[in-house]
Amino acid sequence: MSKQQQPKKAISPTREEDYPEWYQQVIKASDLAEKSPVRGCMVIKPWGYSLWENIVDALDAMFKASGVKNAYFPLFIPLSFLEKEAEHVEGFAKECAVVTHHRLEKGPEGRLVPAGPLTEPLVVRPTSETIIGDSFSKWINSYRDLPILINQWANVVRWEMRTRVFLRTSEFLWQEGHTAHATEEEALARTRLMLEVYAELAEKHLAIPVIKGRKTPAERFPGAVDTLCVEAMMQDRRALQTGTSHFLGQNFARASSIRFQDADEQERYAWTTSWGASTRLIGGLIMTHGDDNGIVLPPRIAPAHVVLLPIVRNAEESALVMPYVDSLADLLKKKSYGGRPIEVEIDTRDIGGARGWEWIKKGIPLRVEIGPRDIAAESVFVGRRDRDHREKVSVKRARFVAELTDILDSIQNTLFERALAFQKTHSTMIDEKKSFYDYFTPIDKEKPEIHGGFAFSYWCGDAACETAIKEELGVTIRCIPLAGVPEHDSGPGGCICCARPSPQRVIFAKAY
RNA sequence: CGGGGCGUGGCGCAGUCUGGUAGCGCACUUGAAUGGGGUUCAAGGGGUCGGAGGUUCAAAUCCUCUCGCCCCGACCA
């Protein structure tokens, strides 16, 4: 009987015990972010922000490689702009923060009160189609001005009722791309291209397997003609959209008067697209790879790849170990992985075993312990975050340096394969209504266990069926998969709800 | 906006029914021991108990008002 029973896992509760609470605890333990005094807003701490910066760098490079240029537009949008596109108003009006005054004055009891009302209220951007559209209308006169390919990295505000750090916050960071084209085909191609970019970011960098698809009219971006998305499965088997790309047709061009004179001398409306990904990706990362000891970061976007943990008992050992550690750090930093120099942390804090655990919880890919014994053997003691925390191996120092990038590749691949296997395991084709309902109904209704997954089932295309299922089960159509998903390309069948003929299966799931 | 709950050192909480002037765990600081692991012992710093008013010799505790937050629901590309 140990007087103090050590928890077997660093995070309590475990995923199995209480997934939403596990998520909160992991964020706290990993030092990524914390809640702020402002309701629904988060403080992103250095470890979390560095992670975001790496995501930004990866995406930004892909955007630029596809010809997109960055620009910046105002935080404030005149109220009248938002009113220009009818569906857009519907979709966003309810969740907007509105600026109505431009000054503060001393009020009674020394309190500051808003003064100087604005003639036209300003909306804090929930998205920027309208204000960017206004610029586009001025920039575009001729078909020779097209295409225009613009992206902005920005913060946006959506006054959500219920918030969760990274997944749904009142303010979040994202990028929004906006393009204008002379032809429908070209705009459609761009919509598809950017979806590919998001899929590549998710799979190659974040090691999150995704399914590419199209949203149903009910789930579409307000004002869009077509919304494409990439959907991932979290470890509670719920779906999370990790990127979205919209074909806006000429809707926003009409609303903002984005017109050009074509080669045939006709005046035409431009075809526009918009596409975005946000700090929500970090939530997806946590819920895809995290375990009961904290987050697990894919090496390609980890803020640091390796932490060196000197094992010293006294000044003499320190004098022996530290030069060895510093020289190893120098060697490692000269290498690079995924186009980025290897980032090395050296943690010399004398806080006992808590030191190693902190890095496990923070999800750093590799922990390297170095003590007198390793130096005598010219080796290092290495622990991988994708393996059990007790599984640590002694490796010759030279070999570790030489094989570092292979090890990181191995971790990156393991995470992706593991997540892909999980997604496959919890994806099923369901053709019977009862099975479908069983699949999405927890055994214990009081305290629902993790259940369900991706159900590939037929849907007739009727919004009434979609709504019925949403209301009865809380399950929605995440997407109509694009070609190439085997479960989708399985011929026609009968709608899971009404049994009417349906050409294809769609993905039903509970969603974030 | 409806239903429920909670505001006590940085965090998590006890104390409130039965008023007597604040306590526990973690974290933090210092010292010592330990040393391939969330170690141990000792000493220590930090709170006008969300705010205002009232009752009382005396209020974290009782009464009134008020502010804020959380959870469930509605809401959510």
Side-chain angles (χ1 to χ4, degrees), chain A residues 2-12 20-21 24-25 28-29 34-40 87-88 90-96 109 111 126-127 129 156 158-164 167-170 172 174 176 214-224 226-231 240-248 274-278 280 293-294 309-314 317-318 321 347 349-361 367-375 377 379-383 389-390 392-394 446 470-471 474 476-479 511-512:
Chain A
S2 59
K3 52 189 163 181
Q4 194 178 343
Q5 190 88 24
Q6 289 298 341
K8 291 184 195 73
K9 302 294 181 182
I11 305 298
S12 174
E21 183 59 24
Q24 299 293 125
Q25 293 304 324
K28 200 179 283 182
E34 62 192 21
K35 288 186 180 167
S36 77
V38 185
R39 196 203 79 104
E87 285 185 40
H88 202 57
E90 273 300 303
F92 286 107
K94 282 175 281 185
E95 53 188 50
C96 284
E109 299 163 38
R111 304 293 295 269
T127 180
E129 274 74 6
V156 287
R158 297 179 189 179
W159 215 264
E160 304 286 358
M161 298 292 187
R162 287 190 62 195
T163 57
R164 290 186 77 187
L167 290 176
R168 183 175 292 113
T169 45
S170 299
F172 57 90
W174 79 341
E176 49 181 320
R214 163 175 289 113
K215 287 293 185 190
T216 63
E219 299 275 331
R220 216 176 260 158
F221 175 74
D226 198 7
T227 289
L228 303 182
C229 62
V230 282
E231 295 282 334
L240 181 78
Q241 178 180 299
T242 62
T244 178
S245 184
H246 314 291
F247 171 62
L248 304 174
S274 70
W275 23 276
S278 71
R280 178 177 242 209
N293 287 324
L309 304 167
I311 309 289
V312 296
R313 296 172 234 197
N314 48 48
E317 287 192 349
S318 180
V321 171
D347 191 345
R349 291 174 303 162
D350 184 14
I351 55 170
R355 186 178 59 167
W357 277 105
E358 276 191 22
W359 290 102
I360 292 172
K361 289 187 280 194
R367 306 182 308 282
V368 178
E369 298 170 2
I370 299 165
R373 276 191 256 152
D374 305 293
I375 295 173
S379 64
V380 292
F381 208 55
V382 182
H389 67 94
R390 288 161 300 194
K392 293 184 277 194
V393 291
S394 185
E446 293 302 308
K470 182 178 180 178
E471 283 174 0
T476 49
I477 298 175
R478 296 328 304 153
C479 70
Y512 276 99

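Here the structure is a predicted model, which means the values were calculated and not measured. A, B, ... follow the sequence lines: proteins, then strands. Residue 1 opens every chain. The basis for the numbers below is simple: all heavy atoms, side chains too, and nothing from hydrogens, waters or symmetry mates.
- Proximity note for A:Glu369 (side chain, C-beta onward) versus B:rG36, B:rC76, B:rG38: the nearest is B:rG36.
- The distance between atom CH2 of A:Trp357 and atom P of B:rG36, rounded to the nearest whole Å, is 16 Å.
- Straight-line distance from the NZ atom of A:Lys28 to the P atom of B:rC11: 10 Å, rounded to whole Å.
- Computed from coordinates, the A:Lys392 NZ to B:rG36 C1' distance equals 6 Å when rounded to whole Å.
- Within the nucleic acid shown, A:Pro310 has no heavy atom closer than 4.0 Å to any nucleic acid atom.
- What separates CZ of A:Arg355 from C1' of B:rG37 is a distance of 8 Å, to the nearest Å.
- As judged by a 4.0 angstrom heavy-atom cut-off over every strand, A:Arg220 is placed among residues touching the sugar-phosphate backbone only.
- Taking 3.5 Å as the limit, the base of B:rG36 and the side chain of A:Asp374 contain a donor-acceptor pair of atoms between them.
- Nucleotide B:rU39 holds its C1' atom 14 Å from the CZ atom of A:Arg313, rounded to whole Å.
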Would you tabulate the pairs of protein nitrogen or oxygen atoms and nucleotide nitrogen or oxygen atoms of nucleotides 71-74 of chain B closer than 3.5 angstrom?
residue: B:rC72; atom: OP1; partner: A:Arg162; partner atom: NH2; Å: 3.0
residue: B:rC72; atom: OP2; partner: A:Arg162; partner atom: NE; Å: 3.2
residue: B:rC72; atom: OP2; partner: A:Arg162; partner atom: NH1; Å: 3.4
residue: B:rC72; atom: OP2; partner: A:Arg162; partner atom: NH2; Å: 2.2
residue: B:rG73; atom: OP2; partner: A:Arg162; partner atom: NH1; Å: 3.0

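- Counting non-hydrogen atoms under 4.0 angstrom, A:Gly356 reaches nothing in the nucleic acid.
- Using a 4.0 Å heavy-atom cutoff across all strands shown, A:Pro126 reaches at least one base atom of the nucleic acid.
- At the heavy-atom level, A:Glu160 lies under 4.0 Å from the strands shown only through sugar-phosphate atoms.
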